[in-house]
Amino acid sequence: MSHETLISVEDLKDMLAQGADVLVFDCEFELGAPDVGPALYRQGHIPTARYAHLDDDLAAPPDGSNGRHPCRHLSR
């Protein structure tokens with residue numbers, strides 16, 4: 001699986017230092033240990049970042065036609 005960085009660390013740092021109107025979400029998660037992500041977030045995170053929990057914030061209940069962690073509709 002490949003990925004592409006949305007923004008560099010330096011660019012984000014500059015934007016936050018300039019007071020840019022951006023939201024940063026920490027979504028770190030370990031499937032076998034769901035409490036690890038929130039614990040790491042509490043230990044330290046990007047200033048102003050919010051934590052988005054995979055199970056609680058980013059997944060909807062399975063309904064038989066979707067996967068284990070289907071994303072919620074953000075338009076609700």
Fill in the blank from the handout: Rounded to the nearest 0.5 Å, the CG atom of Asp56 sits from the OH atom of Tyr51 at a distance of 8.5 Å

Practice task
May I ask whether Leu40 and Leu31 are part of the same hydrophobic cluster, defined by side-chain heavy atoms of I, L, V, M, F, W, Y residues being less than 4.5 angstrom apart, directly or through others?
Solution key: no

Fill in the blank from the handout: Looking only at heavy atoms, the pair that brings Arg50 and Tyr41 closest together is CA-OH, 3.6 Å

Completion exercise
Tightest non-hydrogen contact, residues Pro38 and His53, listed as CG-CD2, 3.7 Å

Handout entry: Considering all heavy atoms, the nearest Gly32-Pro34 contact
Key = C-CD, 3.8 Å

Could you pull out all donor-acceptor pairs under 3.5 Å where a side-chain atom in residues 5-27 meets a protein atom, sequence neighbours excluded?
unit_1 : atom_1 : unit_2 : atom_2 : d
Ser8   : OG     : Asp11  : N      : 3.0
Ser8   : OG     : Asp11  : OD2    : 3.3
Asp26  : OD1    : Glu28  : N      : 3.0

